[in-house]
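Reading through the C-alpha cells given below for one structure.
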Amino acid sequence: MNDVLPDFPAIKEERLTRLKEQAWQESMARHPILPDLRSFTQHEGDGFDMGPGRHKGDPSGYEKFETTLSMRYDELPMMDDSRLLERLKQMTDKFADEQMKLFIRRIDEAAKAGKGFAKAGEGPPTEDKLLDMIEQSDLDFEDGKIADGFSFLMHPSMMDQFKKMPVAPDGQKRFEQIIERKQLEWRLRQADRKLVD
Amino acid sequence: MTSTPERGFEAPFCQLLVAEGHRIVHIDSHGPLEKGKDILSVDAQGRLCGFQLKAGNVDVGRFRSEVMPELHELAELAVQHPSFRGKMCRSHLVLTGTMKAFALDRLNAFNDALPRRLSRVTLVDRHDLLKRFLTVQSGLLPVEPADFRKFLQLVMADGAANLDCEAFAEFLDKLMPTSPNKKLRSGEIARLMSGTTIIASQAMLSHVQKENHYSVSLGWTLTATRLARATLQLRSNPPAASRGIGVAVAAARQSLADLAEEAVNSPTLASGHVLADGGDIWRARATMLAGCVAASRLLHSLNNGSEDGEEKYLTFIDRVQPHLLLWGESAAPFMFMTYWYLARRADRLNQAENMLTSYLRTLAEVNTNRRFKRHLPSPYYSIDDCLAANFGQRPLLFRRDDSYRSSYTAAPAVALLARSLCRRTLASVWPDVIELTIYQNVFKKASEELTYRSPTGRLVPSQWPRPTSWKWLLGHIEKCDRNAKKAVAKPLIGNPSLGVLFLLAHPHRLSVQLVLWLNSELKVKAAAVT
C-alpha cells in the first residue's frame, strides 16, 4: 500500500474534469464541423454498429487514438489552471486533429462505397462540379429552404479557387431544378413517416 | 478493522486494553526497545504484559519466517523499558486474522518447548478481538438512522481525502457523555469513554487503511480533545480517561512522525492523481507538510527526543518555503508551527520571523484592500473549502461572510512578533494591521474551548488603539502572557503535546493566549538546544 500525503481527490477530480472540458471545447473550435457531428457515450459493451438504415456504417468498432501528455514533477508548483489547460490542450488538439482526419477518411470511404460520390476530375473546381456534389446529397428542407446542417467541407486551399470559380450560363437554372427535385425527394421521405397497416 | 495494517491497528488495540483496565507502558513497534513486544502494558491485576501484533492470517510459512523469530524475543527476552528493565512479561500474540491449523501446531510446539519459568504465548485472533471490541462498544454504536448514517459516512469516506474534522468531532460529541446533569458512576463514565475511543478508531478506518497519516493524526487528536472535554464537563477524571488521552495523543504523534518521514523522503511531494496535482494543490500540500514536519519535530522535542539529525527536516522546510500558500486563515497553524520550529534555533530566527511577518503582511494587505476580489477566508473554512472556492467549484458556505477588514489570527501573529521584539518589522506592516478588526471567541466555560463548534460563548471584536504605541503593545502582550495559563483549557496546560496537536486540528481556536502559552512551552525547551 502506498502512503498518501495530504490530498484533495474530489477537488482535483472536478478541477481536471472542468479543464479537460474547456480544453476539448477550445480544440473543437479549431475544426468548426466537429461540434456538429453526432457523438455519444457508449455506457456498456465493447463494440458498436453505426445504426440502422442508410446510416449503417462500419461495424468494426472504434478507432483508437493515442497521445501522450508529459509533465515533470518539478513543474508541479507552478502548474496553475492556465498552464495545465495549455498542457491539456496539446493533448485535445491532437485528438481533435485525429478525429477530423478520421471523419474525412470515413466520408471518403462511405462516398466511394455508395452513391454519394462526385468525381472532381482534374483541373479547378467548376460550378458544374459543385452542382454535381449537391445532386449527390440528401437535403432536408424547412419553410421551403434548405434546412440548417448542410455544409461543405473543403481544404482551405480550395476556398480561393471556389471564389474565383467561373459561373456557368445555365448554372442558376440547373441549381433550381436540383433543389426542386430534392424538395420532391424530401417530401416523399416525409410522406414515409407514418404508421401504416 | 481486521484489514488494517499492523501499524494502524496499534492505537485501537491499545484503546481496547485501556478499556479493559490496562495501563499502557510503551508502544514501540520497530524501536530499539521492542524485543518482540510491540506494546507493553500493566493489566488490572498489576501484571506486566507484552503484545506482538501481526496483521492478517498466519500460515505455516509465515509462522516460520516471520512470526517465530519475534515469538522467541517476545517470550524469552526480558523487557528493556527503563521502568521494567530485566523483568519478564506475559506474552500475547495478537492477530487481526486467524492462524491456520498447521501453524497452530507449531505455536503449541513452541509453547511446549519453553522452559517452565517462562510464560506461554497466548494467541489472540480476530474472533477473540471481535468479541472483546464488541463488549467494549456495546450499546454505544449509534442506532438512530441519522446518526448511524453519519457513522457510515465517516467509515466509508475516501481514505485519501482529508478527514472531515467537523463531522468527526460532532459524531464523537454525541457518543461522549458530557452533561454534568446526568448522574453517571465513575465506572460507567470510563466505559463510555473507552467505548467512544474504540468507535472513533473505527470511524477513521478508511484513513488508517490508506495510511493517510495526516488524517489519522487529526482523528486521534480530535478523540483526545473530546475525552479531555468530557473530563472537564463531568468533573470526573477516571484513569481510563487519562490513559485513553495518552494513547490517543501518542497515536496522533506517531502518525505525524510517520507523515514527516514520508514527506522528507518524498522527492516530488506528489500524491494521488498527479495530473491535477499542481499549482495551488501542490503548494497547499507543501504548506501543510511544512507545518506537520515542524509540529512533529516540536512534539519530538517536547517528549525529550534527541535533537540530533534535524538537518533533513530543516532542509525540507527550506525546500518548500518558497512555495508556501496562504489559502485562508486556516493555514495559520501550519505557519505558526513552522515559525516555532525555526525560531528555536538561533541561526534560523531571522528566517522564522520573516516567514511569520510575511504571513501577517499578506493577511493584512489582502484583508484590508478592496482591490483584492477575494479576502482570505476566516479559519472556520477548512483547506478543502478554500481550495474548492479558489478553483470556482463551489462558493464558501456563507457567501456574505466577508473577511474584509477582519481577522482571527492577526493578533496571535502580532503577539509572537512583539514577544520577539520585532519592532521595526511590526512598524512596517502596522498601517495595514491597524485597519483589521480582531475577532476572538470568549467562552463561559473552559471546556467550551475544547469543542469543535460551541453553541455558547461570545464573539468579541476589538481594534488596536490609534496610534498604537510600542510600549502599550509590549505591555498588552505581557498582560496576555501572564494570563495565558488561566485562559487556556486545563487539559492542554497539563499536556503541551496535546496543545500542539489541538492547534493543528482546531485552527479556529488559535488565540493570543494559546500561542503565547505554547510559545513559552516550546521556547523553554529551546533554551537548552540553542
Side-chain angles (χ1 to χ4, degrees), chain A residues 1-30 39 41 43 62 64-99, chain B residues 4-5 8 158-163 207 209-215 217-218 258-259 261-263 265-289 291-292 320 322-325 334 382-394:
Chain A
M1 167 99 47
N2 288 328
D3 290 348
V4 290
L5 295 171
D7 202 9
F8 316 92
I11 293 172
K12 281 160 65 173
E13 177 76 30
E14 200 170 328
R15 179 190 188 198
L16 196 56
T17 305
R18 181 174 59 81
L19 290 177
K20 275 200 289 197
E21 182 58 29
Q22 191 180 337
W24 189 240
Q25 294 295 340
E26 289 180 17
S27 297
M28 297 272 268
R30 297 167 71 234
S39 70
T41 303
H43 298 282
Y62 306 94
K64 192 174 175 183
F65 299 146
E66 275 182 324
T67 185
T68 53
L69 188 151
S70 59
M71 189 189 288
R72 293 195 318 275
Y73 281 116
D74 63 2
E75 292 179 301
L76 283 177
M78 302 302 149
M79 196 51 71
D80 58 14
D81 275 5
S82 60
R83 289 192 176 93
L84 182 56
L85 179 66
E86 202 177 295
R87 206 58 66 90
L88 288 169
K89 264 194 82 230
Q90 291 172 6
M91 183 179 73
T92 51
D93 280 352
K94 281 183 188 166
F95 275 128
D97 290 348
E98 287 297 325
Q99 201 170 337
Chain B
T4 52
D158 182 351
N162 291 325
L163 181 76
H207 296 92
Q209 286 172 342
K210 283 268 182 184
E211 298 188 30
N212 182 342
H213 304 307
Y214 173 66
S215 289
S217 173
L218 289 180
D258 290 343
L259 176 66
E261 288 310 311
E262 197 186 319
N265 292 316
S266 168
T268 63
L269 294 189
S271 192
H273 196 316
V274 180
L275 197 55
D277 207 39
D280 283 359
I281 299 270
W282 190 94
R283 292 179 60 206
R285 178 183 303 127
T287 309
M288 294 166 80
L289 288 174
C292 289
V320 297
H323 306 294
L324 296 184
L325 177 75
F334 302 107
S382 70
I383 181 168
D384 289 80
D385 293 335
C386 296
L387 284 181
N390 285 356
F391 284 119
Q393 294 175 3
R394 57 174 185 263

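Residue numbers begin at 1 in each chain, while the letters A, B, ... track the order of the sequences.
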Within the 4.5 Å heavy-atom criterion, are L69(A) and L275(B) side-chain neighbours or not?
yes
Stepwise side-chain contact (heavy atoms from CB on, under 4.5 Å) check, I281(B) with K12(A):
CA-CA 8 Å; I281(B) 299 270; K12(A) 281 160 65 173; 3.8 Å; yes
With under 30° as parallel and over 60° as perpendicular, where do the rings of F95(A) and W24(A) fit, or are they tilted in between?
perpendicular
Option in R285(B), M288(B), Q393(B) with maximal non-hydrogen atom pairs under 4.5 Å from chain A
Q393(B)
Under 3.5 Å donor-acceptor, W282(B) side chain and T268(B) backbone
yes
Regarding E21(A) and Q25(A), is there a side-chain donor-to-acceptor distance under 3.5 Å anywhere?
yes
Contact origin within R18(A) toward chain B - heavy atom pairs under 4.5 Å
side chain
Part of S266(B) within contact of chain A (heavy atom distance under 4.5 Å)
side chain
Chain B contact via D7(A) - which portion, at a heavy-atom distance below 4.5 Å:
both
Proximal component of V274(B), with respect to chain A [non-hydrogen, under 4.5 Å]
both
Report the option among I11(A), L16(A), L19(A) that has the most heavy-atom pairs separated by less than 4.5 Å from atoms of chain B.
I11(A)
Do the side chains of H207(B) and H213(B) get nearer than 4.5 Å, heavy atoms only?
no
Value rounded to 0.5 Å, distance of CG in N212(B) from CG in L259(B)
8.5 Å
Comparing E13(A), E14(A), R83(A), M78(A) against chain B, the one with the most heavy-atom pairs below 4.5 Å turns out to be E14(A)
Let me know if L289(B) has heavy atoms under 4.5 Å from chain A in its side chain, its backbone, both or neither.
side chain
Which bit of D280(B) comes within less than 4.5 Å of chain A, counting heavy atoms only: side chain, backbone, both or neither?
neither
Pick one of side chain, backbone, both or neither for H273(B), based on which atoms fall under 4.5 Å of a heavy atom in chain A.
both
